[in-house]
Amino acid sequence: MTIIPSLVLKQLYTRGSLENTANGLEFSLKNRLTDVKIISINTIKVAGEEIDKSLISLDLGKGNVMKMEDFGKDGPVEFPLKSKLQIVIEGRELKEGKYKIEVDFNTKSYGKLHLKVEDSISASDDHIVKIPRDNDDDYSERIIKERQKFVEDYSGAKLVHSSQYSIDPHETEGNCENFTGISQVPLGFAGPIKINGEYAKGEFLVPLATSEGTLVASYNRGIKVLNLCGGAYVTVVGDAMQRAPVFVFENARQSREFVGWVNENMDEIRDHAEATSSIAKLLYIDPYLTNKFVYLRFNYSTGDAAGQNMVGRATFAACSWILDHFEGGITNFYLESNFATDKKASQINIMRTRGKRVIAECTLKRDVLIQNMRVEPEQLNYHSGISTIGAFLCGANNNGAHSPNAITAMFIATGQDVANVAESSAGIFYSEITSEGDLYMSLTIPSLIVATFGGGTGLPTQKECLEVLGCVGRNKVNKLAEIIAGVALAGEISLGSAISSSDWVSSHERYGRNR
């Protein structure tokens, strides 16, 4: 019989649902785990007191309400995934404060389960200004118009343009709460760019969503030179997504013993992590010890999804099993310790990879550079060396020119999580003069976090841009990563040449001044 770890079981409880109502004290459960049949609910305790069954009503929705003492008399009760169970305790009321809640019940498949959580009764917040919401359908035309009016009345501004859109607002459910309109970003195309990858092979038009003048023109310029020299050769050399919990012990010796135990139980930990997803695969765990803390950096492959939420669920399940089975005195635990450096630039992700590690290379012919960029290979190479010193002195995470420009513009266009530019901005640029007098260039992006499935990639305009690239759906994420890296390399050619030949300011004067 499968045992559900205690931390995972807590997900059944709806946080913040404990409240005093006209019917009595209420709280709710929601099945966030898997379909199950409940044989019986044995006891419910609040603040350590077992509640008389005759005072408890159970509402399963759709008019299915029963007394707790009658629950399960006619056989096991279906409690499918995403269904809710509202528990009402008649004649009870609690003062403001935090309380322990316990529910003991029997199920088919999982046997006896004991849910133990804490929740609070909070002060009334009726006086707080709230954005209008509709719990039944928060993406309906009625509630959206109500929110638009609320924003206009509250701010005094008029939502003339952001209130107009061509998509069905329901398509944004799961991507945006309090949907009120659309923020329109200009979209330009560059290219086509020639990519010689293992997944991206051929020429691709590049969607760039940006409000920065000269950006599309600059990438178009770099792509032209890149294409004249045979295109970009791109290779995905690494793939991993992390979640990094921390375990706290009474002393360092206990923490050392814990790491040994984790290594010995790796197969069981992997089984629990991967049981949460058909896609996430736990590759390995890196342990880092300091003081009396153990930071476990879980590393996963996540298919075509970026995977932060996926690996969060998987690691949560694995750590729940660890907490229930390790007997060496864990005093505290946090699912994320900042050691995965989610949406933050970090040296560990440059060294160890987060997302895709991609390398784009090219060899620029001397004549092509001179004729199209008015710069010689030696000038670009010399300038690159000086810029690397500058990046080193200021502690930058990128010694190239501006690879985050391509990454950000393509992220917005294709529905990526734009905050991931923080990690994806890291870049390692290298160049050298070849024996023929040409210029070899390569750009390594060590933490490119991209997806072609899930998140914002399914939104209508973002999906259209992915369709242009031929990168919609499963088994396309490496293709997208190769294209982005190739475009980023084209940008290094363009901006590096513009600065080296002193064309940089004049280009911005021509394209980017709105005058």
Side-chain angles (χ1 to χ4, degrees), residues 82 131 133-134 137-148 151 159-191 200 204-212 215-216 241 277 279 302-313 342-343 355-356 404-424 448-484 487:
K82 296 184 179 181
I131 296 172
R133 287 187 54 80
D134 184 337
D137 183 0
D138 204 40
Y139 296 84
S140 68
E141 183 179 352
R142 180 196 62 78
I143 193 62
I144 292 169
K145 288 189 179 299
E146 188 176 332
R147 275 198 289 269
Q148 291 169 352
V151 171
L159 303 182
V160 177
H161 298 287
S162 55
S163 62
Q164 300 182 48
Y165 44 84
S166 60
I167 69 172
D168 180 355
H170 291 88
E171 294 189 71
T172 69
E173 188 170 359
N175 295 107
C176 180
E177 299 77 40
N178 292 344
F179 179 90
T180 307
I182 293 290
S183 179
Q184 301 179 74
V185 180
L187 176 67
F189 283 85
F204 304 90
L205 283 172
V206 180
L208 298 166
T210 182
S211 58
E212 181 183 350
L215 188 138
V216 176
M241 180 51 64
S277 170
I279 298 171
T302 58
D304 290 281
Q308 290 101 319
N309 293 334
M310 185 190 302
V311 304
R313 287 192 302 271
D342 194 5
K343 296 172 184 174
K356 306 293 184 289
N405 259 333
I407 293 166
T408 304
M410 293 190 73
F411 272 23
I412 295 171
T414 60
Q416 310 301 313
D417 186 338
V418 185
N420 287 329
V421 172
E423 301 106 300
S424 304
L448 183 62
I449 302 174
V450 291
T452 55
F453 183 82
T457 63
L459 292 171
T461 58
Q462 286 74 13
K463 185 177 180 181
E464 286 178 358
C465 288
L466 286 171
E467 287 172 343
V468 169
L469 292 166
C471 291
V472 173
R474 298 186 185 275
N475 301 318
K476 297 293 177 64
V477 70
N478 286 337
K479 180 179 181 181
L480 178 62
E482 289 181 344
I483 295 171
I484 292 175
V487 176

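Computed from a predicted model, the values in this text were never measured in an experiment. Hydrogens, waters and symmetry mates play no part in the numbers below; they use all other heavy atoms, side chains included.
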Could you list the residues that satisfy salt bridge (charged side-chain N to carboxylate O under 4.0 Å, His left out) with [X], not counting sequence neighbours?
| X | result |
| --- | --- |
| E464 | none |
| K479 | none |
| D138 | R133, R147 |

Practice task
Report the residues that fulfil side chain to side chain donor-acceptor pair (under 3.5 Å) with H161, sequence neighbours left out, ordered by chain and then residue number.
Solution key: none
Handout entry: Expected output: side-chain Q462 to main-chain G458 donor-acceptor under 3.5 Å
Key = no
Does the side chain of [X] reach to within under 4.5 Å of the side chain of [Y], using non-hydrogen atoms?
| X | Y | value |
| --- | --- | --- |
| N420 | Q308 | yes |
| T452 | T457 | no |
| V450 | V477 | yes |
| F411 | S424 | yes |
| T172 | Y165 | no |
| D134 | E146 | no |
| H170 | D137 | yes |

State the [atom1]-[atom2] distance between [X] and [Y], to the nearest 0.5 angstrom.
| X | Y | atom1 | atom2 | value |
| --- | --- | --- | --- | --- |
| S277 | N309 | OG | CG | 11.5 Å |
| M241 | T302 | CE | OG1 | 6.0 Å |
| Q148 | L159 | CD | CG | 6.0 Å |
| I412 | T461 | CD1 | OG1 | 11.5 Å |
| I484 | I407 | CD1 | CD1 | 7.5 Å |

Closest heavy-atom pair and its distance - [X], [Y]:
| X | Y | result |
| --- | --- | --- |
| A413 | A209 | N-CB, 3.8 Å |
| L187 | C465 | CD2-SG, 3.9 Å |
| A200 | E482 | N-OE1, 2.7 Å |
| V216 | G188 | CG2-CA, 4.3 Å |
| E171 | P460 | OE1-CG, 3.5 Å |
| L208 | L215 | CD1-CD2, 4.2 Å |

Practice task
Could you tell me whether F453 atom CZ has more than 12 heavy atoms of other residues or ligands within 6.0 Å of it?
Solution key: no
Practice task
Return yes when atom NZ of K463 has more than 12 non-hydrogen atoms of other residues, nucleotides or ligands closer than 6.0 Å, and no otherwise.
Solution key: no
Handout entry: Salt bridge K343-D417, side-chain N to carboxylate O under 4.0 Å
Key = yes
Practice task
Please name all residues satisfying side chain to side chain contact (heavy atoms under 4.5 Å, CB included) with E173, sequence neighbours left out, ordered by chain then number.
Solution key: Y139
Practice task
Can you run down the side chain to side chain donor-acceptor pair (under 3.5 Å) pairs that involve residues 405-415, sequence neighbours left out, and say none if there aren't any?
Solution key: H402-N405, T414-Q416
Exercise for the section: Please lay out, stage by stage, how M410 and I483 fare under the test side-chain contact (heavy atoms from CB on, under 4.5 Å). Expected result: CA-CA 10 Å; M410 293 190 73; I483 295 171; 4.2 Å; yes
